[in-house]
Amino acid sequence: MIELPDGRSLSVEQLELLRKVAVRAVVKLEMTQKQAANFVGVSENTVGQWCAAWHDAGDNSFEVEPSGRPVGSGRSLTPEEEQSVRDQIAGSSPTDHGIAASRWTRRTVSELIQKLCSIKLSEQGVGNYLQRWGLTPQKPVRHAREADAEEIQEFVDEKIPETMGKAAKEGGKVHFVDEAGFKAADQIGRTYAPCGETPVLEFPKTRIAQNMISSVTPDGDIVFAVYSGTMNATRFIDWLETLVGSTDKKVFLFVDSHPAHKAKAVQQWLDERADQIELTWLPRYSPEYNPDEFVNNDVKQNLKNEPLPANTPEFRNTIERIMDQIASMPDRIKGYFQQSELAREFS
């Protein structure tokens with residue numbers, strides 16, 4: 001007899017198929033019930049019952065009633081209530097329901113259920129529902145309250161297609177630019193230590209910090225420069241010259257409204273090089289529409305795996321080494337576009 005798993009471990013579909021094979025082996029192949037039983041790995045009596053049922057009800061006899069409690073039995077919420085709560089979690093925030101919190105947690109979901117359904121659930125019970133609904137804790141994308149929805153819509157519907165169309169027509173290269181600041185303190189993460197004994201990390205007394213400007217392209221290129229001090233018109237022009245010099249194509253640059261970017265000196269420099277570079281303004285307070293934001297996140301995550309620097313030049317070298325690694329991974333850079341709110345436009 002073929003060794004098969006316990007029937008209780010088989011799915012409804014597997015049990016139905018087993019019945020069909022056994023009955024048809026007897027009816028179509030003219031096996032004895034004992035031969036069919038040995039073939040499928042059940043008792044001869046079981047095959048006899050299946051054949052008798054088939055003679056009475058035909059192929060309908062192959063249907064197997066699911067065992068166990070019916071789906072949804074024993075739950076506090078009805079299917080309609082479950083759907084309503086899930087929709088509210090996906091489409092609103094706790095404050096929209098008068099709950100004093102900014103995020104959906106087990107506690108705040110419990111409060112929502114009590115408000116909508118007049119049912120008080122434990123946090124463990126709420127956790128079971130969240131798992132069943134396919135809702136997992138995730139780090140939210142930041143979105144500034146000051147962001148202008150109409151400006152964003154205009155950017156997506158008009159500015160992106162217009163700039164991309166020009167770039168395609170003129171054989172240009174599209175870049176997204178952003179600046180970021182890094183401190184040696186960014187390298188402090190978590191470390192293992194004996195329970196109750198807080199670990200000590202030797203930290204340089206002198207403040208060590210560096211800034212960076214970078215730009216990424218949809219086809220996986222990156223241009224960057226690390227510098228000290230603040231971004232101003234002169235420094236931005238220097239970097240624009242580096243950017244223009246990095247390609248023999250016209251640059252179509254998406255840039256935010258940093259004061260240095262809009263300085264008169266910058267505009268004069270741009271006017272003199274209209275055949276080499278053209279700027280498109282990103283929507284204000286909307287970093288999620290700039291793929292270059294993910295470069296900055298990448299650098300900060302990588303810094304946590306690096307030893308603490310002894311001085312600023314060492315810190316600068318570390319950042320440049322990380323950026324060189326990122327620059328060698330075009331698929332990773334392309335992934336920044338898929339992580340941003342522009343994934344559809346650059347898919």
Side-chain angles (χ1 to χ4, degrees), residues 86-97 101-104 135-170 172-181 211-224 231 233 236 239-240 243 250-263 266-267 270 274 277-300 332-347:
R86 189 190 187 288
D87 289 346
Q88 293 301 324
I89 295 172
S92 64
S93 67
T95 53
D96 294 331
H97 302 275
S102 60
R103 299 175 295 118
W104 287 118
L135 301 179
T136 58
Q138 301 175 44
K139 184 177 180 179
V141 174
R142 293 175 298 168
H143 183 74
R145 291 191 180 97
E146 295 84 357
D148 188 320
E150 291 185 3
E151 183 181 6
I152 292 173
Q153 199 64 47
E154 179 185 5
F155 176 75
V156 173
D157 293 345
E158 298 178 20
K159 289 188 176 181
I160 282 277
E162 180 182 348
T163 301
M164 296 299 293
K166 283 184 181 179
K169 183 177 180 180
E170 299 181 33
K173 198 169 183 66
V174 172
H175 280 261
F176 283 77
V177 64
D178 192 35
E179 292 96 2
N211 296 318
M212 183 182 75
I213 183 170
S214 64
S215 69
V216 293
T217 71
D219 51 358
D221 291 333
I222 190 167
V223 179
F224 71 93
M231 176 57 65
F236 187 52
W239 185 79
L240 289 176
L243 182 62
K250 180 176 179 179
V251 173
F252 290 83
L253 184 65
F254 287 91
V255 60
D256 64 27
S257 299
H258 187 289
H261 302 163
K262 291 196 168 186
V266 172
Q267 188 57 57
L270 291 168
I277 186 168
E278 182 176 322
L279 267 56
T280 299
W281 301 107
L282 290 161
R284 295 166 297 171
Y285 309 108
S286 303
E288 63 270 27
Y289 287 90
N290 188 352
D292 197 69
E293 285 281 340
F294 294 94
V295 177
N296 308 330
N297 296 338
D298 232 354
V299 173
K300 289 183 178 180
R332 187 174 189 84
I333 297 169
K334 294 176 186 177
Y336 299 146
F337 287 81
Q338 299 309 309
Q339 295 177 65
S340 74
E341 288 296 320
L342 300 177
R344 185 179 63 182
E345 283 72 19
F346 292 96
S347 58

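Computation of the quantities below employed the complete heavy-atom set of this structure, encompassing side-chain atoms and omitting hydrogens, waters and symmetry-equivalent molecules.
- Here the straight-line distance linking atom CD1 of I152 with atom CD of E341 works out to 9.0 Å at 0.5 Å rounding.
- The CH2 atom of W281 lies 9.5 Å from the NZ atom of K159; values are rounded to the nearest 0.5 Å.
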Kindly determine whether T280 and E162 satisfy side chain to side chain contact (heavy atoms under 4.5 Å, CB included), including the steps that lead there.
CA-CA 10 Å; T280 299; E162 180 182 348; over 6 Å; no
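- The two residues A263 and A233 have their closest heavy-atom pair at CB-CB, 3.6 Å.
- In summary, the side chains of N290 and D256 do not present any donor paired with an acceptor at a separation below 3.5 Å, with no hydrogens or angles considered.
- By the side chain to side chain donor-acceptor pair (under 3.5 Å) test, K334 pairs with no residue at all, sequence neighbours left out.
- Under the 3.5 Å distance criterion, the side-chain polar atoms of D292 are matched with a main-chain donor or acceptor of D178.
- A distance of 4.0 Å separates CD of E278 from NZ of K166, quoted to the nearest 0.5 Å.
- What you find for S214 and V295 is that their closest heavy atoms are OG-CG1, 4.1 Å.
- Taking the side chain to side chain contact (heavy atoms under 4.5 Å, CB included) definition, one finds that M164 meets it with I160, V174, F346, sequence neighbours left out.
- Considering all non-hydrogen atoms of both residues, P94 and R103 come closest at CG-O, 3.3 Å.
- Considering every non-hydrogen atom in both M231 and H258, the closest pair reads O-CE1, 3.8 Å.
- Atom CD1 of I222 and atom NE2 of H175 lie 10.0 Å apart (nearest 0.5 Å).
- With sequence neighbours left out, F224 forms a ring-ring contact (aromatic ring centres under 6.0 Å, His included) with no residue at all.
- Of all the heavy atoms in P218 and F337, the pair that sits closest is N-CZ, 3.3 Å.
- In this structure, F254 has its ring center no closer than 6.0 Å to that of Y289.
- Using a 4.5 Å cut-off on side-chain heavy atoms (C-beta onward), S92 and W104 make contact.
- In terms of modelled atom types and a separation under 3.5 Å, the side chain of K173 and the main chain of A167 share no donor-acceptor contact.
- Atom CD of E288 sits about 13.5 Å away from atom CD of Q339, to the nearest 0.5 Å.
- Although no hydrogens or angles enter the test, the distance criterion places a donor-acceptor pair under 3.5 Å between the side chain of S286 and the main chain of R284.
- One distance of note links CG of L282 with CZ of F155; it measures 4.5 Å at 0.5 Å rounding.
- Residues V223 and D221 fail the side-chain proximity criterion, which asks for heavy atoms closer than 4.5 Å.
- Using modelled atom types, one finds a donor on one side chain and an acceptor on the other under 3.5 Å when comparing H97 with Q88.
- Contact between Y336 and P291 at its shortest, heavy atoms only, is CB-O, 3.5 Å.
- Taking the six-membered ring where the residue is Trp, W239 and F236 present parallel rings, their angle staying beneath 30° rather than reaching 60°.
- Looking at heavy atoms from C-beta onward, N297 lies out of side-chain contact with K300 at the 4.5 angstrom threshold.
- Contact annotation: the side chain of L253 approaches that of L240 to within less than 4.5 Å [non-hydrogen atoms, C-beta and beyond].
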